[in-house]
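Ligands are counted one by one from 1 in listed order, and the atoms in each one are counted from 1 as well. All values reported here derive from a predicted model rather than from experimental measurement.
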Amino acid sequence: MKTLLTGVLSFMFCLFVINVEAQEMKKAPIDTIFEQGEPNPYGKYFTGQTYLNMLSQKNDIWNSSIGNVTFEPNARTNWHKHSGGQILLVLAGEGRYQERGKELRILHPGDVVRIPLNVEHWHGAAPNSWFSHISIETNLPDNQTTWLEPVEL
Ligand code: MN
């Protein structure tokens with residue numbers, strides 16, 4: 001009897017865990033083209049929920065790293081900079097890009113953002129739109145990202 005009870009409780013706990021995970025993962029209502037990926041493991045450097053799908057990992061052959069990032073509405077990176085720069089290719093939704101001290105730039109599918117080396121900036125979704133972009137880390141292997149404070153809007 002005790003074994004049966006333990007089994008039932010374990011099963012219910014599994015259902016609970018699966019349900020919690022299902023709630024965290026929201027499918028973007030935009031065509032992200034590539035798979036949306038998993039909740040972003042770098043989430044502590046972002047505001048709001050984002051998802052990351054690494055399309056090509058950093059390695060010694062291509063010296064590049066390419067990922068697909070999907071943002072929920074109003075989700076965004078902290079202020080940060082890349083010592084080797086970064087290129088963004090906008091896929092879907094409406095987004096935002098801003099360099100420190102400069103005008104906010106509105107992003108649409110097909111836009112290309114070339115982010116200079118060591119320039120502080122942030123990128124993310126518009127307040128009312130999901131958003132996805134490809135992120136290309138350039139100038140590997142010596143491209144370090146420095147994360148700064150959250151963006152206040
Ligand atoms: Mn960046």
Near the Mn ion (ligand 1) (under 2.8 Å) - protein N, O or S atoms: His80 NE2, His82 NE2, Gln86 OE1, His121 NE2, His123 NE2
Aromatic Trp122 / basic Arg96 pairing, under 6.0 angstrom, 45° off normal: no
Validation row, ring centre His123 to ring centre Phe131 under 6.0 Å: no
Tyr45 ring center near His80 ring center (under 6.0 Å): no
Pair Arg100 + Glu149: basic N to acidic O under 4.0 Å: yes
Residues that Tyr42 engages under ring pair (Phe, Tyr, Trp, His ring centres under 6.0 Å), provided they are two or more places apart: none
Pair Glu72-Thr50, side-chain donor/acceptor within less than 3.5 Å: no
